[in-house]
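Report on the following structure.
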Amino acid sequence: MLREATLQYLRYGDSVPDEEEGRRIDKAIEDVSAASVPRVVHRIFPLSDTDGVKGIDAKLDLHYGDLQNLLAGSEACLLIAGTLGAGLDLLLKRTAKLDMAQYVRMDAAANALIESTLDRFEEGLPVRDLTFRFSPGYGDVPLTLQRQLLAVLEAHKRIGLALTDSLLMTPTKSISGIVGIGGLLRERSCTNCQLFETCEFRRNNTVCYTKKK
Amino acid sequence: MLHKKEISTGAGRRLLDRIGTRPLILDGGMGSQLQARGLKAGEHSEVYNHTHAEWIVEIQAEYLAAGADCILTNTFGANRYLYAGSGYTLRESILQAIQNGRRAIEKEYERQRQGGEKKECFLLLDIGPLGQLLEPAGTLSFQDAYQAFREQIDIGKDLVDGVLIETISDIYEMKAAILAVKEACDLPIFASMTFADTGTTLMGNSPDIVVSFLEGIGANVLGVNCSLGPKEMAPIIHRVLSVARKPVIVQPNAGLPVYKNGITSYNVTVEEFGSYIREFVAAGANVVGGCCGTTPEYIRKIHDTLQDVPVGERDNPRRTVVTSASEYVVIGKGRTIICGERINPTGRKKLREAILGDRLDELVLEAILQEQAGADVLDVNVGVPGIDEPAVMEHLVRDIQEVVRLPLQIDSSDPEALERACRVYNGKPLINSVNGKREVMEAVFPIVKKYGGVVLGLTLDENGIPATAEERLAVAEKIVDTAESYGIDRSDIVIDCLVLTASAQQKEVRETLRTLTLVHEKLGVCTVLGCSNVSFGLPNRPLINKTFLAMALYAGLDLPIINPLDTELMATVDAFSVLSGQDEGSVRYIERHAGDTLPSATDRSAVRTGGTSERTSDTSGRTSGNSERISAEPVSLRDMVIAGLKHKIADATREELLRSDAMTIISESLIPGLDEVGKRYENGQLFLPQLIQSAETTKAAFAVLKSHFSSHSDTEAGKDPILLATVRGDIHDIGKNIVRVVMESYGFSIIDLGKDVPPEDIVNAYRKHRPKLVGLSALMTTTVPAMKTTIEMLHHEDPRCLVMVGGAVLTPEVADDIHADYYARDAKEAVAIAKGIID
């Protein structure tokens, strides 16, 4: 599973690595897993409806069109964030100084691991019918919403996940998202993505996310 | 003479005196109390200082009436990073919070007067984390963190009785806060860290590291709060109490949070909470209170339950300890601690050139290799004449602690370089060095006292290096006594007994060894030696070195400064550990040497001539790394590039040079190989890691050719440098790194400024190196403005400066918009652009 996703991040598409390359990729996955301390924080809020606009009882603006679409039909809303921790960043930076090719493999493995960590966490929650994870910066939702989202989750205090001045998440292998519970939009799509024009994945006829089964 | 800064007057003094007598009780949760009254998740609770001042005063007065001796100002998140956009300035909110606190205390005094009681209450300025991660995990610089804390403290310092810095997950952030207090005022400092369920802080600091760091830097009270309930926190608290010598503060949450319907509650009852607090105080906790979820009832329980509980006695031994953020190293307790000597330009031309050429990367690599080789501590010395040593030292220490876990030994004869490095160091360093000269002691001891650290004292003074052991002991004694007058304990001193060269001063080798023994016996402090000097001027230096090392270890050497890449020297330490009984049951020795094969006589002679030459390494040092992407063992350099045989190509290149010249090798083997790899990558036959592997393979071949060029004064490939940087605010540098490797593989000489690089630094580097091309990378839309600014500044500096941009969010249109000269979609295009400009 992790291997599949790692290969996807390395843009393997339908190809498979040869034996030697496969071993290196496995080693990358192993080292990344060993250096990671995955932590997830979440809150579930009931959704209110004021004149057709969904909202929650916390300081988080949900009035954007794409978020309202996401939450249409949902009765509650899951806020979630996760990180693989600062120790992994140290290993990645260190590997970049020693062996750039292995660093590229490990970077892909780390991306796969953080996505699957959150996927599995969501699967383990006692709620069903989750929409895909919508992250600020996607569609018409500004990246600045990250500040509110992570503040409501107390992500810094609880899991050591913080934003930089330029709104990037640190440690770097981290994810945050807003998820509708009981909603209809299960699949992500590329059409609203800011990187639509330049996306390397699209150039290779693949996508950057795992499709839900 | 008294050099210690003492808190001698006022409420601060009374507060510290009070801690010495019986448990001091702090208040309980504020945020959770406000949430119960309507504060929403994600709101600034400090705004309530203005909008609901009465609530704040009421909550604090309730805590005091319940038995708290101290309350905290409602200023946890009142810093420039978290409080921006709140609608209030920091000044007005902090002052209002203090005023609310004073009103609560007045209210309590009024209550006491009516009840005929009299007890002094204290107000502590509450400082929480800044909400951003510091370097290297984040991008916030130490200096910026310091400024943010300093701003808060300057506003409140004259109006409170002490400062509580709490809920901090990173000792580095704590360091910035403590220095901000120490440099602003002499208020008592309560320093409290928060731990995760793994037993360390979220940034990986263990309780032992936290304690030695906080005691070293001079917190008055240290301890643990938040994140966990008392039950989960108990093992951490007991660990802290078993190592700390200073007063300890404990403030658990009311259990773990339980979320239901958007509401938070906590799972430990008042009764349970009280019994845990009793246990902690009986074990030696001096200051107790509650964190999230605790209420005045919890504090009343603490007050009542502690009536008959005296603070438990703690008499923990002093230890000589240095730490990084994640490693805790005890010197002199039964295990030889190895300090790696290799980051030192003395006698090493390659390192000297790297320092002069701003290629600190090469020194960082030395650090990684020594760590992999088994060093415990790394010496860092950048002493090259003509450089700005303090600046380079600071820079290098920051770079090394980004990728290496080991504690560092900051090594300079320039006190300013020592101070700059100590300031940005993350942990408790070794400081190298002081000696018996009055002037040097006066310059260095204040630095040791201020920042905390273990200082290395050389047994020499105004009269030079004494000839006899007894005289060296006398110098050591003078160093220890003087240090103690500065408030530095002798456990924070190690004595360097000084090694002289056996070839010139043969008799004094014995004096050095005797000094080791004497210093141990008479002063009870640990000893250190820089060993390699002993063999200077003699043949087969490694043999002399390892023999001397064995003798010195036997004489009591605790901390040899040696070359950890010298495997025989390292093996000598392992063998000594068996023979001295340190390595019980020879466990470590067997683990490391069970597979050793003994070299034959001829091999041994090879070792002698080879010595301990440079070596390169894989990430793990264990993975084979070499693939066979084409069926048979490749023979031509071109095929080796395609197969990515980066560990084999250097030798093959050297061989090829016997038959061919460098330019031919480049144009007929390396470049065609790379081009083929590029083609296969485009066609989807090869993938990114393999592309990079081939690029690195070519780089390895170029390294051989380069040394050949410089020795033959031939035309040097790529002597025009290209500057690369990821712009300020952007920490994702994988794209830039790929471009770098691929460009280097085509022979371009790259100066890589790294990631999150401020425009000024890029302009300065441009001024210094005058590159023909500057490549800038940005991943996020939020960092494109920084790219634009950088380009503006570069063009302002030199209108002819050519800038190439790339990165996930960039398009040719955006590149045009921000006035870039070139847009490169990927590494291949970057190479094409560079070729067009430079060739």
Side-chain angles (χ1 to χ4, degrees), chain A residues 10-13 15 17-18 20-21 24-25 27 31 37 39 43-46 56-60 85-87 89-90 93-105 107 137 143 148 151-152 154 156-160 162-168 170-172 194-195 197-198 200 204, chain B residues 40-43 129 131-133 136-140 167 169 194 196 198 202-204 226-227 259 261-262 361 364-365 368 402-405 617-620 623 625 627-629 644 684 687-690 692-693 695-696 729-732 734 737-738 741 780-783 786 808-811:
Chain A
L10 288 171
R11 294 161 215 162
Y12 262 84
S15 314
D18 63 29
E20 183 61 37
E21 181 62 17
R24 291 190 191 127
I25 290 169
K27 176 84 165 75
D31 289 348
V37 184
R39 294 180 194 279
R43 298 279 304 267
I44 293 172
F45 287 91
I56 59 171
D57 191 24
K59 202 177 169 199
L60 183 67
D89 276 356
L90 185 142
K93 286 178 198 161
R94 182 188 174 104
T95 308
K97 298 208 184 285
L98 292 169
D99 183 344
M100 195 67 83
Q102 191 62 8
Y103 165 62
V104 167
R105 296 178 194 107
D107 186 77
L143 199 54
Q148 291 185 3
V152 171
E154 298 184 291
H156 176 243
K157 192 167 105 178
R158 296 195 185 281
I159 59 170
L163 292 175
T164 68
D165 274 343
S166 47
L167 299 170
L168 305 186
T170 49
T172 59
Q194 295 189 342
L195 298 181
E197 296 291 334
T198 54
E200 283 279 325
N204 290 316
Chain B
K40 284 184 188 175
E43 273 190 321
Q132 290 204 10
L133 302 191
T139 57
L140 186 62
T167 325
S169 296
T194 192
T198 45
L202 286 170
M203 297 309 297
C226 203
S227 298
Y259 303 106
N261 293 326
D361 251 24
V364 174
L365 195 62
I368 298 174
E402 187 170 14
V403 292
V404 165
R405 291 183 180 277
S617 172
D618 225 313
T619 17
S620 62
T623 49
S627 81
E628 312 302 317
R629 259 184 263 142
F687 297 89
L688 192 57
Q690 293 156 310
I692 303 297
Q693 182 111 7
E696 293 209 293
D730 216 321
I731 48 174
H732 299 94
I734 188 164
N737 288 341
I738 290 169
V741 173
M780 306 284 282
T781 42
T782 44
T783 51
V809 292
L810 287 159
T811 59

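Everything numeric in this text was worked out from a predicted model, so none of it was measured.
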Worksheet item: When only pairs under 4.5 Å are counted, which of A/D57, A/V37, A/L60, A/I56 shares the most heavy-atom pairs with chain B?
Response: A/D57
Discussion item. With a 4.5 angstrom heavy-atom cut-off, is it the side chain or the backbone of B/T194 that approaches chain A, or both, or neither?
Written reply: neither
Discussion item. Heavy-atom pairs under 4.5 Å with chain B - which of A/T172, A/D89, A/L167 has more of them than the others?
Written reply: A/T172
Worksheet item: Highest number of heavy-atom pairs under 4.5 Å with chain A: which of B/I734, B/T783, B/L688?
Response: B/I734
Discussion item. If I compare all heavy atoms of B/G729 with all of A/T164, which pair ends up nearest, and what's the gap?
Written reply: O-OG1, 4.4 Å
Discussion item. Please classify the contact between A/P46 and chain B as side chain, backbone, both or neither, with a heavy-atom cut-off of under 4.5 Å.
Written reply: side chain
Worksheet entry | Nearest non-hydrogen partners of B/A41 and A/V152, listed with the distance | O-CG2, 3.8 Å
Discussion item. Please give me the minimum heavy-atom distance between B/P689 and A/E21, naming the atom from each residue.
Written reply: CB-OE2, 3.5 Å
Worksheet entry | Nearest heavy-atom neighbours spanning B/I692 and A/A101 | CG2-N, 3.3 Å
Fill in: Under 3.5 Å donor-acceptor, A/S166 side chain and B/T782 backbone
no
Worksheet item: Nearest heavy-atom pair of A/S15 and B/G684: which atoms, and what distance?
Response: OG-O, 4.1 Å
Discussion item. Is A/L143 in contact with chain B via its backbone, its side chain, both, or neither, using a 4.5 Å heavy-atom distance?
Written reply: side chain
Response to the item:
Looking only at B/V403, B/L365, B/T811, B/D361, most heavy-atom pairs under 4.5 Å shared with chain A are made by B/V403
Worksheet item: Which atoms of B/E696 come close to chain A, meaning under 4.5 Å heavy atom to heavy atom: side chain ones, backbone ones, both, or neither?
Response: side chain
Item to complete: Name the option with the most non-hydrogen atom pairs under 4.5 Å to chain A; the candidates are B/E402, B/H732, B/M780.
Response: B/E402
Discussion item. If we define contacts as heavy-atom pairs under 4.5 Å, which of B/T139, B/V741, B/N737, B/L810 has the most with chain A?
Written reply: B/N737
Worksheet item: Under 3.5 Å, is there a donor-acceptor pair linking the side chains of A/R24 and B/Q690?
Response: no
Worksheet item: Considering only heavy atoms, which portion of A/R39 lies under 4.5 Å from any heavy atom of chain B: side chain, backbone, both, or neither?
Response: side chain
Worksheet item: Is any side-chain heavy atom of B/P129 less than 4.5 Å from a side-chain heavy atom of A/K157?
Response: no
Worksheet entry | Contacting moiety of B/I368, where chain A heavy atoms sit under 4.5 Å | both
